[in-house]
Every structure is written in C-alpha cells, then in structure tokens.
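Below is one structure, written out as structure tokens, with a few remarks after it.
If you read the sequence from its start, that first residue is 1, and numbering goes on from there.
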Amino acid sequence: MGYYVELPLPREKAEQLVRLYGAELVLSPEDFNFKGDDALICVVENGLFDAAGIAYSPHERDEFNDPEDTREKVWLKLPKKVAIELCPHAKDVLYG
C-alpha cells in the first residue's frame, strides 16, 4: 500500500474527493473493474488525519479491506486521470 492522494485538508478526505474532484461512492469494492477508466480509492479514518489510498489492483484492494483492520473506511471511484494528477507516481500502476 504505497500510493496516496494528497488533499487540502487532513480530514474528511472522502468528502473532499467528492466535492472537489467528482468522486463517486463505491458500495461494493469487491466488484470494482480495475481495467476501466476509474481508480478505486480507499479513504481510511486514522483519527487526526484520513489516508486516501489508491487500491490499484485486487490484491491492493484486499490489503485495504483486511477484516482485522477495524478503522472506518469509505470506498470511492475517481477517474484515473484525476487520481494521477493528485498522485503522479501512481501512473504506472494505474495504466500498467
């Protein structure tokens, strides 16, 4: 898990992604199509800050979705081109 989207505020990153970048809620990350035009984002609430990680593969999604990790999570889809603008290092894994 190594690609994270940086946003203006350290908290409420899911809301920021929706409001500022048009992200959409994903209710079932297990059914996400990684070959499409969208990136899967998992926003994890960590108390003082949220982490908005790019789940770029089924394995990465499963790592974020570990049942032993009880932190609150919100799943979103975001166009890959926008995800790359927010995290340029993720280009190769999103289009690789």
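From Y4, atom OH reaches atom SG of C87 across 10.5 Å, with rounding to the nearest 0.5 Å. Note that CD of E72 is 11.5 Å distant from CG of N46, once rounded to the nearest 0.5 Å. Separating the CG atom in L86 from the CG atom in L7 is a distance of 6.0 Å, to the nearest 0.5 Å. Note that the CG atom of D37 and the CG atom of L78 stand 12.0 Å from one another [nearest 0.5 Å].
A donor-acceptor contact shorter than 3.5 Å links the side chain of K73 to the backbone of D69. In terms of modelled atom types and a separation under 3.5 Å, the side chain of D38 and the main chain of K77 share no donor-acceptor contact. The backbone N or O of E6 sits nowhere less than 3.5 Å from a side-chain atom of K13 that would complete a donor-acceptor pair.
Ring centers of Y3 and Y56: under 6.0 Å apart, within the cut-off.
Among N65, I41, V43, L25, the single residue meeting the side-chain contact (heavy atoms from CB on, under 4.5 Å) criterion with W75 is N65.
Atom CG of D66 is surrounded by more than 12 heavy atoms from other residues, nucleotides or ligands within 6.0 Å.
Using a 4.5 Å heavy-atom cutoff, the side chains of Q16 and L9 are in contact. Between L94 and I54 the shortest side-chain heavy-atom distance falls below 4.5 Å.
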